[in-house]
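The sequence lines fix the lettering, A, B, ..., with proteins before strands; numbering per chain opens at 1.
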Amino acid sequence: MSTPSAGQRFIRGILPENPVYRQMLGLCATLAVTNNLKSAVTMGAAVLFVLVCANLMVSLIRHLLTPHLRIVIFTLTIATFVTVADRLLAAFLYPMSKALGPYIPLIIVNCIIICRCEVCAAKQGPLTAVADALGQSIGFTLALVSLAAVREILGTGMWFGFRVLPAAWPDWVIMVLPPGAFLTFGLLLGLTNWISAQRAGKEEA
Amino acid sequence: MTYLIDILLIALGAALINNFIFYYFVGICPFIGVSRRVEMAFGMGCAVTFVMTIAAAISWTMTRFVLMPGAPLTQWIAGWWLDPQTAAGVDLSILSYIVYIFAIAASVQFVEMYLRRFFPLLYRSFGVFLPLITTNCAILFACLTIMSRLVGVDDPAARWDLGQALVLAIFGGLGFTLAIVIMAGIREELEACDVPTPFRGAPIALIVGGILAMAFMGFTGVDNGLKTALTPPAVVAQAPPTEPPSGAPTP
């Protein structure tokens, strides 16, 4: 298999290798912040910022990395950018920063970022690394938004704060509570597996 | 007495009511990944509890004495070249995330070396999980919870001491072990079930997790109930005496 170009890497992160639905990475954030769309989008933006910066930085220093110290270097780089993102959020979006609480610092141990540093940025040039980071984080954001949309609409009848279901809708409160996250994600994951199995079957026939 | 009640509430809250997995969603990756067999799940749970306790102790000490605003060690060092007023304002809490992740990585490394040298049997049973733990969100989450009870808490009496931090870590780890072992038990049975093909593996595990989370929601409010049940002396002291103490011992 030849190494994919920057453009291919960008496309790949969004659907074919979606970090949440295909690689099952970064599940803590996925389940925890998707009870409404606003926090899901903020989380996606924070991950985008950290992933792009970390991938770029790792890609620039890739010739200086020694094999046994590289994970430590990755983690410290990520921790630095997460601190920056956390302070930025606290300065400009204080209520959101309060609402997301510990989940912003938990981006440090989000497997997506360390995985992309290891798989892509440590071996590729800066342009490819940034394209890869953008693709992966947009894929992550889309996954968060899909989950949050289902949970918010069924749980409160609202979408981004606008009412989409009739006022007579009995709010399924369980959907915005912790169990709803597990159930929604399990069902959506099953659905994506089913769709991709159908498509694979069609190609074979 | 109030301290003991406080400890009890922290322990119950961390282990059951606000279970790390079912309430805060931290440590989901091992919850899905390592919960296929009960022995493996138990080994992972023990390893997490062990590392969490050590990391909590380190991060409490670092936060209390170095990182938080007005920490004694930082003030003392800053006092060498700054005047006392400026030194009192030195705030290193911006470095806390980097320090915590470093503390976790270091404690994982030391636990691994120690076990390999002195308890080879134990090392063989859960040594494979140790490197995975460095990126386990549950541990960083415990450190962050401890930080939130120290930094930004103005009342010195309300700040957590080392005992409270350790209780949070130990019982949080036990709650994690409980959750992951229950899950592994269910998944062993699931292998004999006829699950629809698209739902095999992770999706059905997540749905089972959702049902378990619903079960754990049953603990909601237990902490408040216990608190009122366990603090009668203060309530009785505040209430006006309705009748004279008749049962007083006669001289």
Practice problem: Starting from the C-alpha separation in whole Å, work towards a yes-or-no answer on side chain to side chain donor-acceptor pair (under 3.5 Å) for A:Tyr21 and A:Ser146. | Solution: CA-CA 11 Å; A:Tyr21 285 116; A:Ser146 67; 3.0 Å; yes
Among [options], residue most engaged with chain B (heavy-atom pairs, under 4.5 Å):
options                              : value
A:Pro102, A:Ala29, A:Ala79, A:Pro178 : A:Pro178
A:Pro105, A:Gly101, A:Ala32          : A:Pro105
A:Val82, A:Leu25, A:Thr83, A:Leu27   : A:Thr83
A:Ile78, A:Leu76, A:Val72            : A:Leu76

Heavy-atom contact with chain A under 4.5 Å, split by part of [X]:
X        : value
B:Leu144 : side chain
B:Ile98  : both
B:Phe102 : side chain

Under 3.5 Å: donor-acceptor pair, side chain of [X], backbone of [Y]:
X        : Y        : result
B:Thr49  : B:Gly173 : yes
B:Ser107 : B:Val51  : no
B:Asp223 : B:Leu226 : no
A:Asn36  : A:Glu152 : no
B:Ser59  : B:Tyr100 : no

If you compare all heavy atoms of [X] against all heavy atoms of [Y], which two are closest, and at what distance to 0.1 Å?
X        : Y        : value
A:Leu144 : A:Gly44  : CD1-N, 4.0 Å
A:Cys28  : B:Val26  : SG-CA, 4.2 Å
A:Phe49  : A:Phe81  : CE2-O, 3.8 Å
A:Ile104 : A:Leu100 : CD1-CD1, 3.7 Å
A:Ala122 : A:Arg62  : O-CB, 3.5 Å
B:Asp91  : B:Leu67  : OD1-O, 3.7 Å

Quiz prompt | Neighbours of chain A found in residues 179-202 of chain B - heavy atoms under 4.5 Å | solution = B:Pro198, B:Phe199, B:Ala202
Self-check item: Residues of residues 214-222 of chain B with any heavy atom under 4.5 Å of a heavy atom in chain A
Solution: B:Met214, B:Met217
Quiz item: Any residues in residues 179-197 of chain A near chain B, with a heavy-atom distance under 4.5 Å, and which are they?
Solution: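 Interface residues of residues 179-197 of chain A: A:Pro179, A:Ala181, A:Phe182, A:Leu183, A:Phe185, A:Gly186, A:Leu187, A:Leu189, A:Gly190, A:Asn193, A:Trp194.
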Interchain contact, [X] with chain B, by part (heavy-atom threshold 4.5 Å):
X        : value
A:Asp86  : side chain
A:Ile174 : side chain
A:Leu106 : both

Practice problem: Go through the steps for A:Ile73 and A:Thr77 under the test side chain to side chain contact (heavy atoms under 4.5 Å, CB included), then give the verdict. | Solution: CA-CA 6 Å; A:Ile73 304 285; A:Thr77 316; 4.1 Å; yes
Exercise. Kindly determine whether B:Ile146 and B:Gln164 satisfy side chain to side chain contact (heavy atoms under 4.5 Å, CB included), including the steps that lead there.
Key: CA-CA 9 Å; B:Ile146 292 165; B:Gln164 284 161 317; over 6 Å; no
Exercise. Might you work through the side chain to side chain contact (heavy atoms under 4.5 Å, CB included) test for A:Leu65 and A:Phe74, ending with a clear yes or no?
Key: CA-CA 10 Å; A:Leu65 293 173; A:Phe74 293 164; 3.8 Å; yes
Quiz item: Can you check side chain to side chain contact (heavy atoms under 4.5 Å, CB included) on B:Phe176 and B:Phe171, steps first, answer last?
Solution: CA-CA 8 Å; B:Phe176 179 87; B:Phe171 282 88; over 6 Å; no
Exercise. With sequence neighbours left out, write down each residue that passes ring pair (Phe, Tyr, Trp, His ring centres under 6.0 Å) with B:Phe20, or none if nothing qualifies.
Key: B:Phe141
Exercise. Check each of B:Leu9, B:Thr53, B:Leu162, B:Ile10 against B:Val167 using the side-chain contact (heavy atoms from CB on, under 4.5 Å) test, and report the only one that passes.
Key: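 Testing B:Val167 for a side-chain contact (heavy atoms from CB on, under 4.5 Å) against B:Leu9, B:Thr53, B:Leu162, B:Ile10 leaves exactly one candidate, B:Ile10.
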